[in-house]
Amino acid sequence: MPTRNTATSYGSVTKFFHWTIALMILSMFPLGWIASELAHRIEAPDIQTTDAILEWAKILFSIHKTLGVTIFALAVLRILWAISQPKPALLNGDRPMEARLAETVHWLLYGSLVLVPLSGWVHHAATTGFAPIWWPFGQGLPFVPKDPAVAEVTGALHFILQWVLAGSVALHIAGALKHHVIDRDATLRRMLPGHQTALPTEAQPGHALPILAALAVWAAAIGLGGAAGWLTVPEAARAEALADVPSEWQVTEGNLGITIVQNGTDVTGSFADWTAQIDYADTPDADGRHGAVTVTIAIQSLTLGSVTGQAMGADFFAAEEFPTAVFEATLINEDGLIADGTLRIRDETLPVRMPVELAVEGDTANAAGALTVNRMNFGIGTDTKDESSLAYEVRIDWALTAVRGGGADVPNAE
């Protein structure tokens with residue numbers, strides 16, 4: 001069988017691209033559907049998440065993503081190869097409308113084979129956490145930031161465009177079957193292994209209508225998705241904002257972050273809503289105490305990459321039942337400033353000690369600190385015991401600027 005195309009037949013390279021991509025595409029739809037169903041189960045607030053469910057979801061999503069990147073690469077190579085080859089003429093060239101519909105479907109297939117995996121890839125690159133692509137070239141993409149809004153929009157585009165791809169595949173299969181069963185021509189046979197030639201009917205010159213029709217289909221799909229609200233970045237569900245608290249030192253800016261290790265990869269997030277009641281004196285009392293601090297954190301204000309929904313669930317923060325976490329400590333001087341107190345998460349309160357870096361200039365203070373806790377001690381993710389899936393240690397870090405002068409503390413946003 002010849003390697004290259006001719007005016008009447010497809011070569012072995014074209015057939016390899018066609019059937020390899022076809023098999024991958026047909027496997028991608030059930031993989032994506034099953035993985036998404038598992039993800040919805042993981043994120044459901046009333047369902048316990050087990051190691052087995054997490055592991056299966058991770059594996060299926062990784063297979064789906066890895067196949068998607070492979071399809072993208074093969075599609076680009078397929079297009080480049082097609083550009084360099086003669087295209088066998090249509091066998092229905094004497095039926096202009098049918099021929100142009102077939103050409104439209106081919107444009108939709110070529111474009112979708114690039115756009116669908118690319119949008120999924122950008123969504124993955126913009127998101128932290130969960131299932132990696134199985135390859136050694138990293139998980140990011142140049143010029144794609146780790147941004148929830150970018151991830152949300154590209155995820156919606158991936159969802160919308162996959163239906164254009166599905167429809168194109170269905171029409172392509174239906175057309176091939178029509179040619180084979182009803183027209184009884186060689187359209188399908190000449191794409192099968194082996195050397196198959198077929199003489200075209202009257203050749204139709206190239207026409208812009210199929211390209212314009214394909215662009216119109218994509219535009220309509222994206223427009224309908226936008227009208228349905230899929231392309232709008234939704235406001236995250238939040239509890240009522242924390243009330244202001246009186247404080248000797250008023251926080252003017254700050255951030256409160258969290259880092260977990262999932263599948264061996266750091267996943268960072270932050271709490272958008274928290275308050276700090278701070279009493280601090282430059283000179284310690286007789287017991288070495290400089291004052292006290294109480295930090296209240298709105299759990300539902302957490303953003304944690306692709307696992308935010310999972311983190312709110314019953315087996316993790318159980319945010320609906322336990323909407324806040326509280327850190328209370330005395331500020332003492334022990335070869336440096338130490339916050340010595342307790343941390344309450346869910347219904348567990350445990351003692352903690354945290355070094356504090358503090359610089360005070362007049363009535364302005366800059367402070368920072370970090371704390372590592374074991375999530376299991378707070379009843380978080382107790383059904384997820386495999387540390388290769390989710391590490392026990394969780395790092396909490398913070399930094400703030402505060403001014404002395406009283407008044408109500410303002411809830412902080414990163």
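- Taking CD of E357 as the start and CG of N366 as the end, the distance is 11.0 Å to the nearest 0.5 Å.
- Summarising the local packing, CD of E387 is surrounded by more than 12 heavy atoms from other residues, nucleotides or ligands at distances under 6.0 Å.
- Residues R100 and E103 are not paired through a salt bridge, judged by the lack of any N-O separation under 4.0 Å between the basic side chain and the carboxylate.
- Between the side chain of R78 and the backbone N or O of L113, no donor-acceptor pair lies under 3.5 Å.
- Put simply, CZ on F17 and CG on L77 are 5.0 Å apart, with the number rounded to the nearest 0.5 Å.
- Taking CZ of F317 as the reference point, atom CD1 of I299 lies at 5.0 Å (rounded to 0.5 Å).
- Under a cut-off of 6.0 angstrom, the local environment of CH2 in W134 is crowded, with over 12 non-hydrogen atoms contributed by other residues, nucleotides or ligands.
- Atom NE2 of H18 sits about 9.5 Å away from atom CG of L192, to the nearest 0.5 Å.
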### Task
Determine, step by step, whether T259 and D397 satisfy the side chain to side chain contact (heavy atoms under 4.5 Å, CB included) criterion, reporting the C-alpha distance in whole Å, the side-chain angles of both residues, the deciding distance to 0.1 Å, and the verdict.
CA-CA 8 Å; T259 302; D397 59 86; 4.3 Å; yes
### Task
Evaluate side chain to side chain contact (heavy atoms under 4.5 Å, CB included) for T275 paired with L242, printing each intermediate quantity in order.
CA-CA 7 Å; T275 61; L242 295 175; 4.0 Å; yes
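- You'll find the ring centres of F72 and W121 inside the 6.0 Å limit.
- A distance-only check finds a donor-acceptor pair linking the side chain of R346 to the backbone of F316 [under 3.5 Å].
- Formation of a donor-acceptor pair under 3.5 Å by the Q139 side chain with backbone atoms of H124 is not found in this model.
- Other residues, nucleotides and ligands place no more than 12 heavy atoms under 6.0 Å from the NE2 atom of H180.
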### Full working for side chain to side chain contact (heavy atoms under 4.5 Å, CB included) between L108 and L171
CA-CA 10 Å; L108 287 171; L171 288 172; 5.8 Å; no
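- Under the 3.5 Å distance criterion, the side-chain polar atoms of S27 are matched with a main-chain donor or acceptor of M24.
- Under the rule for a ring-ring contact (aromatic ring centres under 6.0 Å, His included), the partners of F137 that lie at least two apart in sequence or sit in another chain are W135.
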### Task
Begin with the C-alpha distance, continue with both residues' side-chain angles, and end with the deciding distance and a verdict on side chain to side chain contact (heavy atoms under 4.5 Å, CB included) for T364 and V360.
CA-CA 6 Å; T364 301; V360 179; over 6 Å; no
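- For D185 and R190, the salt-bridge test fails: no basic side-chain N is under 4.0 Å from an acidic carboxylate O.
- Rounded to the nearest 0.5 angstrom, K146 NZ and T268 OG1 are separated by 9.0 Å.
- Residue pairs satisfying the side chain to side chain donor-acceptor pair (under 3.5 Å) criterion with at least one member in residues 153-170, sequence neighbours excluded, are listed as follows: S119-H158.
- Listed for the T14 side chain is no donor-acceptor partner under 3.5 Å among the backbone atoms of Y10.
- Within a 6.0 Å sphere centred on CD of E348, heavy atoms belonging to other residues, nucleotides or ligands number more than 12.
- With hydrogens and angles disregarded, no donor-acceptor distance shorter than 3.5 Å links the side chain of T324 to the backbone of A298.
- The main-chain N or O of T187 is never found under 3.5 Å from a side-chain atom of H179 such that the two would form a donor-acceptor pair.
- The neighbour count for W107 CH2, taken as heavy atoms of other residues, nucleotides or ligands under 6.0 Å away, does not exceed 12.
- From R353, atom CZ reaches atom OG1 of T342 across 13.5 Å, with rounding to the nearest 0.5 Å.
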Report all side-chain donor-acceptor pairs from residues 370-381 shorter than 3.5 Å, counting only partners two or more places apart or in another chain.
| residue | atom | partner | partner atom | Å |
| --- | --- | --- | --- | --- |
| N374 | OD1 | M376 | N | 2.8 |
| R375 | NE | A391 | O | 2.9 |
| R375 | NH1 | I380 | O | 3.0 |
| R375 | NH1 | G381 | O | 2.7 |
| R375 | NH1 | T384 | O | 3.4 |
| R375 | NH2 | T384 | O | 2.7 |
| R375 | NH2 | L390 | O | 2.9 |

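- At distances below 3.5 Å, not a single donor-acceptor pair connects side-chain atoms of K65 with backbone N or O atoms of P132.
- Residues S270 and N255 bring no donor and acceptor atom of their side chains to less than 3.5 Å of each other.
- Listed for the Q85 side chain is a donor-acceptor partner under 3.5 Å among the backbone atoms of N5.
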